[in-house]
Amino acid sequence: MFKKTLIAMAVASVVAAPIASADVKISGVVEQTFTDTENDANGMDTSTFNMLNVSASEDLGNGMSAFAKYNMLTKAGTSTGETNGDMVVGISSGFGTIVAGTMEDFTEGKLAAMMDMEGNGSTELAGNAGRTAGGLAYITPTVNGLHAGVAGYATADGTDKFDATDIAVFYDNGPLSVKVAQETLSKDMTTGAEEQTTTSVGASYAMGDMKVAVLHVGRDDQAGTAGADSDDTMFKGSYKMGNNTLQLGYADDDSAGKDITTVELIHKFSGRTSAYAGVTNNDVTGNDSTFVGMKHKF
């Protein structure tokens, strides 16, 4: 009887003891777009974009916390693309944040993303490392709206160095946001004779229901070609009218000597569900397009 009592007490103490667990959250988006492009032999393009995010965090004590994020992307239809999103693990504390894994560089995820629009209407011009496996980044704490980040990105090329490095400074003060980044791609990434250096400067300002953003991107030795420099300028403006938002995007592609203009209207049925329609005049490809789509976030 005494042994049974001891066993029962031991079991009770184990059950009653607090069990450490991470705070896990699940979110995502499902989006369907239909695009009709001129001079396209395929006719109407259809694309489905699905994203599932699983994130977790844990309080480590002493002002430190750990976090992880697993992001799955799937694209189907006429237009397909990458199927891997961010997959990172990191630690955050008063000294800042250290994050490692598959992630977008600052130049792409923080500056070029300022020009993202709906459907195929993006006025973002590529030319950076994008989302790269083997990334390691440090982000400073924010002081008076100012913080900075430095990162290196490695690819599976068998070398013992980072194939891209990126340093950025961010300033946010009320309606004003300013972002600056410089990224260097190694010869391995450009597959050219030279490294490519990309300097991006972006700013946005909100005035009531109106928001405007501008982004300038300068590239030296683009794609590893010596002397192949370019300066691209992008603009995005939006105006909210109740549940509707009118957006205008413009990109001046210096390399092609042509531009891209997109106008779109977005209607929000709720904070999670929206529909959109727009037109794009793409002088770079010479093909104009119209698009409609619907998106639900959860």
Side-chain angles (χ1 to χ4, degrees), residues 20-29 51-74 81-116 124 126-157 159-172 177-186 188-189 196-202 204 215 217 297:
S21 62
D23 182 13
V24 179
K25 297 179 181 179
I26 297 177
S27 61
V29 60
M51 179 172 63
L52 180 64
N53 298 313
V54 180
S55 61
S57 62
E58 181 183 13
D59 187 353
L60 301 177
N62 297 320
M64 297 182 63
S65 62
F67 62 90
K69 178 181 178 181
Y70 186 80
N71 179 283
M72 293 171 283
L73 301 178
T74 59
E82 60 183 331
T83 57
N84 291 325
D86 289 351
M87 293 174 281
V88 299
V89 60
I91 292 179
S92 182
S93 72
F95 63 77
T97 300
I98 296 176
V99 56
T102 299
M103 68 187 88
E104 285 187 326
D105 55 1
F106 298 129
T107 298
E108 165 73 15
K110 300 299 183 182
L111 280 97
M114 295 172 64
M115 296 296 114
D116 282 350
E124 170 192 327
N128 46 68
R131 182 176 283 108
T132 308
L136 178 63
Y138 167 70
I139 303 168
T140 69
T142 299
V143 179
N144 296 325
L146 186 69
H147 70 281
V150 58
Y153 307 90
T155 59
D157 57 6
T159 63
D160 57 352
K161 62 181 179 61
F162 287 119
D163 297 290
T165 56
D166 203 5
I167 184 169
V169 178
F170 310 96
Y171 176 73
D172 294 288
S177 177
V178 179
K179 305 175 183 180
V180 180
Q182 185 173 78
E183 180 180 63
T184 300
L185 304 185
S186 70
D188 294 331
M189 292 199 74
Q196 172 183 295
T197 301
T198 301
T199 303
S200 304
V201 180
S204 64
L215 175 65
V217 179
K297 299 178 182 179

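Note that these values count all heavy atoms, side chains included, but never hydrogens, waters or copies made by symmetry.
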Looking only at heavy atoms, which two atoms of [X] and [Y] are closest? And how far apart?
| X | Y | value |
| --- | --- | --- |
| Met114 | Gly202 | CE-C, 4.0 Å |
| Met103 | Val99 | CE-O, 3.7 Å |
| Ser200 | Leu215 | CB-CD1, 4.3 Å |
| Tyr153 | Phe106 | OH-N, 3.6 Å |
| Asp86 | Glu104 | OD1-N, 3.5 Å |

Mind checking what makes side-chain hydrogen bond (donor to acceptor under 3.5 Å, both in side chains) contact with Asp59, not counting sequence neighbours?
->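 Applying side-chain hydrogen bond (donor to acceptor under 3.5 Å, both in side chains) to Asp59 gives none.
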
Tyr138: what forms a side-chain hydrogen bond (donor to acceptor under 3.5 Å, both in side chains) with it, not counting sequence neighbours?
->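 If we apply the side-chain hydrogen bond (donor to acceptor under 3.5 Å, both in side chains) test to Tyr138, skipping adjacent residues, there are no hits.
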
Who are the side chain to side chain contact (heavy atoms under 4.5 Å, CB included) partners of [X], not counting sequence neighbours?
| X | value |
| --- | --- |
| Thr165 | Phe162, Thr184 |
| Ala181 | Thr107, Leu111, Asp166, Ala168 |
| Ile91 | Met64 |
| Thr199 | Gln182, Thr197 |

Sequence neighbours excluded - side chain to side chain donor-acceptor pair (under 3.5 Å) pairs with any residue from residues 88-99 |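 The answer is Ser92-Thr97.
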
[X] [atom1] to [Y] [atom2] distance, which is reported to the nearest 0.5 Å:
| X | Y | atom1 | atom2 | value |
| --- | --- | --- | --- | --- |
| Asn71 | Leu52 | CG | CG | 8.0 Å |
| Lys69 | Met87 | NZ | CE | 11.0 Å |
| Leu60 | Phe67 | CG | CZ | 11.0 Å |

Using atom types as modelled and distance alone, determine if a side-chain donor or acceptor of Lys110 lies under 3.5 Å from a backbone N or O of Lys179.
->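 Not a single qualifying donor-acceptor pair exists.
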
Mind listing the side-chain donor-acceptor pairs of residues 142-149 below 3.5 Å, one per line with the distance, residues two or more places apart or on another chain?
none

Should Ile139 and Phe170 be marked as a side-chain contact (heavy atoms from CB on, under 4.5 Å) after you check the CA-CA gap, both sets of side-chain angles, and the distance that decides it?
-> CA-CA 10 Å; Ile139 303 168; Phe170 310 96; 5.9 Å; no

